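Heads up, the thing below is written out as structure tokens.
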Amino acid sequence: QVPYQPSSPRQVANALALLQGRAGKTVDLGSGDGRLVLEAYKQGLRPALGYELNPWLLCLSNYRAWKAGCHGKVSFLKKDLWKVDLSDCHNVIVFLAPSVKPPLATKLLAELPDEARVVAGRFPFPCWTPSSTLGQGLEQVWAYDMKEVRQEVQGSAQGRPV
């Protein structure tokens, strides 16, 4: 369990700017108070849903969705991100601690389709090269296109001595 830290308006704007013009199911892993899911929905990314284990944050997310007129249009689910199937997700938002990134990278590589894009906030994935990045310092976000990440991972695996 990672301590909750809400995303700043600039982090949210930067993350969603890297998903602009995209389509398909969008999920926020560890969705906190739901602000990224709500913004994704407002930008036309649908379906938009968040996975969050903290029941208080789930309540807050649902309240914010209701207040924004999005109740029933976005979903916040109490599910463990390690147990959800991400194979139908085209856009994944991740504002999680660095310690979670290496095992999460393995899960994302195994499950996401080639067309998927992963946007990481606060901390990049240590072993992946971003296809684009936006912002600086605490506001920085990184985008990873799964097809490119897979090619890079396969290339580095083939380059290693046996």
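Residue indices begin at 1 and follow the sequence shown. Not measured: the values here are computed from a predicted model.
What you find for Ala65 and Phe76 is that their closest heavy atoms are CB-CE1, 4.0 Å. Closest heavy-atom contact between Val84 and Lys107: O-NZ, 2.6 Å. Counting all heavy atoms, side chain and backbone alike, Ser132 lies closest to Leu18 at OG-CD2, 3.6 Å. In this structure, Leu96 and Gly30 approach most closely via the heavy-atom pair CD2-CA, 4.3 Å. Scanning all heavy atoms of the two residues, the minimum distance from Leu104 to Trp82 falls at N-CH2, 3.5 Å. The two residues Pro6 and Asp33 make their nearest non-hydrogen contact at CB-OD2, 4.3 Å.
To the nearest 0.5 angstrom, Lys83 atom NZ is 11.5 Å from Lys79 atom NZ. Interatomic distance, Ile93 CD1 to Asn91 CG, rounded to the nearest 0.5 Å: 7.5 Å. Cys127 contributes atom SG, which lies 10.0 Å from atom CG of Leu109 (distance to the nearest 0.5 angstrom). Rounded to the nearest 0.5 Å, atoms CH2 (Trp142) and OG1 (Thr129) are 13.5 Å apart. Note: Lys67 NZ to Leu60 CG = 9.5 Å, rounded to the nearest 0.5 Å. The CD atom of Glu152 sits 10.0 Å away from the OH atom of Tyr144 when rounded to the nearest 0.5 Å.
Contact of the Tyr51 side chain with the Ser31 side chain is not registered, since no non-hydrogen atoms from C-beta on lie closer than 4.5 Å. Contact of the Pro47 side chain with the Lys73 side chain is not registered, since no non-hydrogen atoms from C-beta on lie closer than 4.5 Å. Contact of the Leu29 side chain with the Leu86 side chain is registered, since non-hydrogen atoms from C-beta on lie closer than 4.5 Å. A heavy-atom distance below 4.5 Å is not found between the side chains of Glu39 and Pro9. Residues Arg122 and Gln11 meet the side-chain proximity criterion, which asks for heavy atoms closer than 4.5 Å. In this structure the side chain of Leu49 never reaches within 4.5 angstrom of the side chain of Val74, judged on heavy atoms. Between Leu134 and Gln140, every side-chain heavy-atom pair lies at or beyond the 4.5 Å cut-off. Under the 4.5 Å side-chain criterion, counting only non-hydrogen atoms from C-beta, Pro126 is in contact with Pro102.
With hydrogens and angles ignored, the 3.5 Å screen pairs a side-chain donor or acceptor of Ser61 with a backbone N or O of Gly32. Remark: side-chain polar atoms of Asn14 are paired, donor with acceptor, to backbone N or O of Glu139 under 3.5 angstrom. No side-chain donor-acceptor contact under 3.5 Å links Glu52 to the backbone of Lys78. Between the side chain of Arg22 and the backbone N or O of His90, at least one donor-acceptor pair lies under 3.5 Å. With Arg35 contributing its side chain and Ser7 its backbone, the two residues share a donor-acceptor pair below 3.5 Å. Under the 3.5 Å distance criterion, the side-chain polar atoms of Arg46 are matched with a main-chain donor or acceptor of Tyr41. Looking only at distances, a side-chain donor or acceptor of Thr26 sits under 3.5 Å from a matching main-chain atom of Gly24.
Of the charged side-chain nitrogens involved, none lies within less than 4.0 Å of a carboxylate oxygen, so that Lys147 and Asp145 do not count as a salt-bridged pair.
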- Message: Could you go through Leu16 and Val119, starting from their C-alpha distance and side-chain angles, then the distance that decides it, and tell me whether this counts as side chain to side chain contact (heavy atoms under 4.5 Å, CB included)?
- Response: CA-CA 9 Å; Leu16 287 159; Val119 174; over 6 Å; no

Residue pair Leu108, Trp128: steps toward the side chain to side chain contact (heavy atoms under 4.5 Å, CB included) verdict: CA-CA 12 Å; Leu108 296 173; Trp128 292 359; 4.0 Å; yes

Fill in: Derivation and outcome, side chain to side chain contact (heavy atoms under 4.5 Å, CB included), residues Arg117 and Val92
CA-CA 6 Å; Arg117 172 171 271 198; Val92 177; over 6 Å; no

* Just do the side chain to side chain contact (heavy atoms under 4.5 Å, CB included) check on Leu81 and Leu53 with the steps written out, would you? => CA-CA 9 Å; Leu81 69 87; Leu53 285 175; over 6 Å; no

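Residue Trp66 qualifies as open at atom CH2: its count of foreign heavy atoms under 6.0 Å is 12 or below.
The cationic atom of Lys101 (NZ for Lys, CZ for Arg) lies less than 6.0 Å from the six-membered ring centre of Phe125 and within 45° of the ring axis.
Residues Leu19 and Phe95 fall within the same hydrophobic cluster, defined by Ile, Leu, Val, Met, Phe, Trp and Tyr side chains chained together at heavy-atom separations under 4.5 Å. Linking ILVMFWY residues whenever their side-chain heavy atoms come closer than 4.5 Å, directly or via other members, places Val94 and Val149 in the same cluster. By the criterion of side-chain heavy atoms lying less than 4.5 angstrom apart, applied directly or through intervening Ile, Leu, Val, Met, Phe, Trp or Tyr residues, Val37 is not grouped with Leu77; the two fall into different hydrophobic clusters.
Looking only at atom types and distance, the side chain of Glu111 has no donor-acceptor partner in the side chain of Ser87 under 3.5 Å away.
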